[in-house]
Protein chains: 2
Amino acid sequence: MTDHLSQTFAALADPTRRALLADLLKGEAYVSDLAKPFLKEMSLPAVTKHLKVLEKAGLIKKTKAAQWRSCQINAAPLKDATDWIEQYREFWEESFDRLDEYLKTIQAKKKTKGSKNGRSKT
Amino acid sequence: MTDHLSQTFAALADPTRRALLADLLKGEAYVSDLAKPFLKEMSLPAVTKHLKVLEKAGLIKKTKAAQWRSCQINAAPLKDATDWIEQYREFWEESFDRLDEYLKTIQAKKKTKGSKNGRSKT
DNA sequence: TAGTTAATTAACCATTTAGTTAATTATAAT
DNA sequence: ATTATAATTAACTAAATGGTTAATTAACTA
């Protein structure tokens with residue numbers, strides 16, 4: 001599993017790590033601040049380990065200041081991940097098209113009974 | 001690790017599984033055909049297992065025809081994955097901008113020494 | 001009916017992962 | 001010099017992952 005993409009996807013395959021990255025959307029933060037929301041569910045060393053996984057995957061960078069470690073997002077690997085997934089876009093859009101078509105058929109059959117369905121989040 | 005997004009990313013975090021999905025870009029295929037390129041590296045049951053991971057993650061659908069199982073891509077989960085990643089786009093684009101700026105500075109310093117660097121793959 | 005083909009399931013093994021508690025490092029503060 | 005704070009490392013455990021070979025299921029074929 002040593003290749004970059006695998007490492008990136010593996011890092012993202014954990015809700016705690018995704019939440020940590022989401023927290024970092026707001027900006028740089030210290031380990032202890034990042035850890036705070038998780039300390040009911042897990043220990044500090046557990047968070048440290050998750051951060052280490054993110055760091056090894058190149059998704060965060062740490063900088064040292066006194067006894068604090070400040071973390072920030074490094075999103076570059078996410079570009080490669082999204083580029084890989086992008087190959088499949090036509091497939092999911094196609095299936096939405098089929099859904100649209102299906103829904104239109106339904107509507108046609110329902111004739112004058114009013115419209116209720118439609119593709120959401122588009 | 002039961003949530004959908006985690007399952008999707010975990011499924012993608014393996015080069016064999018990504019290669020299987022890539023093969024399916026060309027269209028529907030039987031398990032035995034999909035397996036062929038990998039049988040030097042691993043056994044058929046190993047491939048079966050990878051396909052099962054993809055199936056559980058909802059990334060492929062299997063249909064039965066006699067003793068053959070035909071697999072096809074179901075890309076819908078990839079939309080959620082890419083939507084999640086999309087939140088970070090500004091971050092990687094921003095860092096490319098910084099790189100551009102840096103490279104411009106370098107160029108400026110090099111003055112008349114000619115241009116050699118620039119952002120690649122854009 | 002017996003044999004072949006396609007694929008899965010079972011049983012097992014080694015490695016990795018995600019967590020724990022306890023100990024350690026490094027810096028700051030009194 | 002001692003103590004407190006921030007974070008990591010060490011040592012351990014349970015469960016998940018990715019692979020194996022052997023056995024089994026299910027359908028077609030002669």
Side-chain angles (χ1 to χ4, degrees), chain A residues 1-24 27-72, chain B residues 1-24 27-72:
Chain A
M1 204 278 288
T2 50
D3 68 290
H4 269 195
L5 264 186
S6 296
Q7 242 186 307
T8 304
F9 284 128
L12 298 180
D14 182 283
T16 304
R17 287 194 292 264
R18 286 198 308 278
L20 287 166
L21 284 176
D23 286 346
L24 288 172
E28 234 174 318
Y30 294 127
V31 169
S32 47
D33 294 328
L34 284 172
K36 217 163 282 170
F38 302 99
L39 294 181
K40 295 136 202 165
E41 311 152 34
M42 70 185 70
S43 65
L44 180 61
V47 177
T48 294
K49 279 190 176 188
H50 281 301
L51 290 171
K52 185 134 295 192
V53 172
L54 290 171
E55 198 180 12
K56 277 194 182 171
L59 288 166
I60 63 169
K61 296 287 180 202
K62 278 192 233 178
T63 55
K64 207 174 155 180
Q67 69 264 58
W68 290 273
R69 308 291 187 287
S70 188
C71 305
Q72 51 188 314
Chain B
M1 202 278 290
T2 53
D3 68 289
H4 269 197
L5 220 38
S6 296
Q7 245 186 302
T8 304
F9 283 129
L12 298 180
D14 181 282
T16 303
R17 288 195 290 266
R18 287 198 307 280
L20 286 167
L21 284 176
D23 286 348
L24 288 171
E28 232 175 319
Y30 294 128
V31 170
S32 45
D33 293 328
L34 284 172
K36 218 162 281 169
F38 302 99
L39 295 182
K40 294 137 203 164
E41 307 152 35
M42 70 186 70
S43 67
L44 180 61
V47 176
T48 293
K49 279 191 177 185
H50 281 301
L51 290 171
K52 185 134 294 192
V53 173
L54 291 171
E55 198 180 13
K56 279 195 181 169
L59 289 166
I60 63 170
K61 296 287 181 203
K62 277 191 235 180
T63 56
K64 207 174 153 181
Q67 68 265 57
W68 290 274
R69 307 292 187 286
S70 189
C71 306
Q72 51 189 312

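These numbers come from a predicted model, not from an experiment. Lettering of chains follows the sequences in order, A, B, ..., and the numbering in each one begins at 1. What's counted below: heavy atoms across the whole structure, side chains too, no hydrogens, waters or symmetry copies.
Remark: A:T16 is not in phosphate contact with C:dA18, judged by side-chain N or O atoms under 4.0 Å from OP1 or OP2.
Helical stems in DNA chain D, defined as runs of 3 or more consecutive Watson-Crick or G-U wobble pairs with donor-acceptor distances under 3.5 Å: C:1-30 with D:1-30.
Between the P atom of D:dT20 and the NE2 atom of B:H50 lies a distance of 9 Å, rounded to the nearest Å. One can place CG of A:L12 at 12 Å from P of C:dA18, the figure rounded to the nearest angstrom. Between B:L39 atom CG and D:dT21 atom P the separation is 12 Å, expressed in whole Å. Straight-line distance from the CD atom of A:E55 to the P atom of D:dT8: 8 Å, rounded to whole Å. Taking atom CG on A:L51 and atom P on D:dT8, their separation rounds to 7 Å, with Å as the unit.
Expressed to the nearest 0.5 Å, how far CZ of B:R69 lies from CG of B:L34 amounts to 13.5 Å. Here the straight-line distance linking atom CG of A:L24 with atom CD of A:Q72 works out to 9.0 Å at 0.5 Å rounding. Note: B:L44 CG to B:F38 CZ = 12.0 Å, rounded to the nearest 0.5 Å.
Using cut-offs of 30° and 60° for the angle between ring planes, the A:W68 and A:Y30 rings count as tilted.
Take B:E28 and apply the side chain to side chain donor-acceptor pair (under 3.5 Å) test, not counting sequence neighbours, and it matches B:S70.
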Only distances under 3.5 Å count here; give the side-chain donor-acceptor pairs of residues 51-63 of chain A to other protein atoms, sequence neighbours excluded, each with its distance to 0.1 Å.
none

Distance-only check: which donor-acceptor pairs under 3.5 Å involve side-chain atoms of residues 16-23 of chain A, not counting sequence neighbours?
{"unit_1": "A:R17", "atom_1": "NE", "unit_2": "A:A11", "atom_2": "O", "d": "2.8"}
{"unit_1": "A:R17", "atom_1": "NH1", "unit_2": "A:H50", "atom_2": "ND1", "d": "3.1"}
{"unit_1": "A:R17", "atom_1": "NH2", "unit_2": "A:A10", "atom_2": "O", "d": "3.1"}
{"unit_1": "A:R18", "atom_1": "NH1", "unit_2": "A:L12", "atom_2": "O", "d": "2.7"}
{"unit_1": "A:R18", "atom_1": "NH1", "unit_2": "B:S6", "atom_2": "OG", "d": "3.0"}
{"unit_1": "A:R18", "atom_1": "NH2", "unit_2": "B:D3", "atom_2": "OD2", "d": "2.7"}
{"unit_1": "A:R18", "atom_1": "NH2", "unit_2": "B:S6", "atom_2": "OG", "d": "3.2"}

Please produce a list of atom pairs where a protein N or O lies less than 3.5 Å from an N or O of nucleotides 20-23 of chain C.
{"unit_1": "C:dT20", "atom_1": "OP1", "unit_2": "A:S43", "atom_2": "N", "d": "3.3"}
{"unit_1": "C:dT20", "atom_1": "OP2", "unit_2": "A:S43", "atom_2": "N", "d": "2.8"}
{"unit_1": "C:dT20", "atom_1": "OP2", "unit_2": "A:S43", "atom_2": "OG", "d": "2.6"}

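Remark: A:K64, A:A66, A:Q67 in residues 56-69 of chain A come within less than 4.0 Å of DNA chain C through at least one heavy atom.
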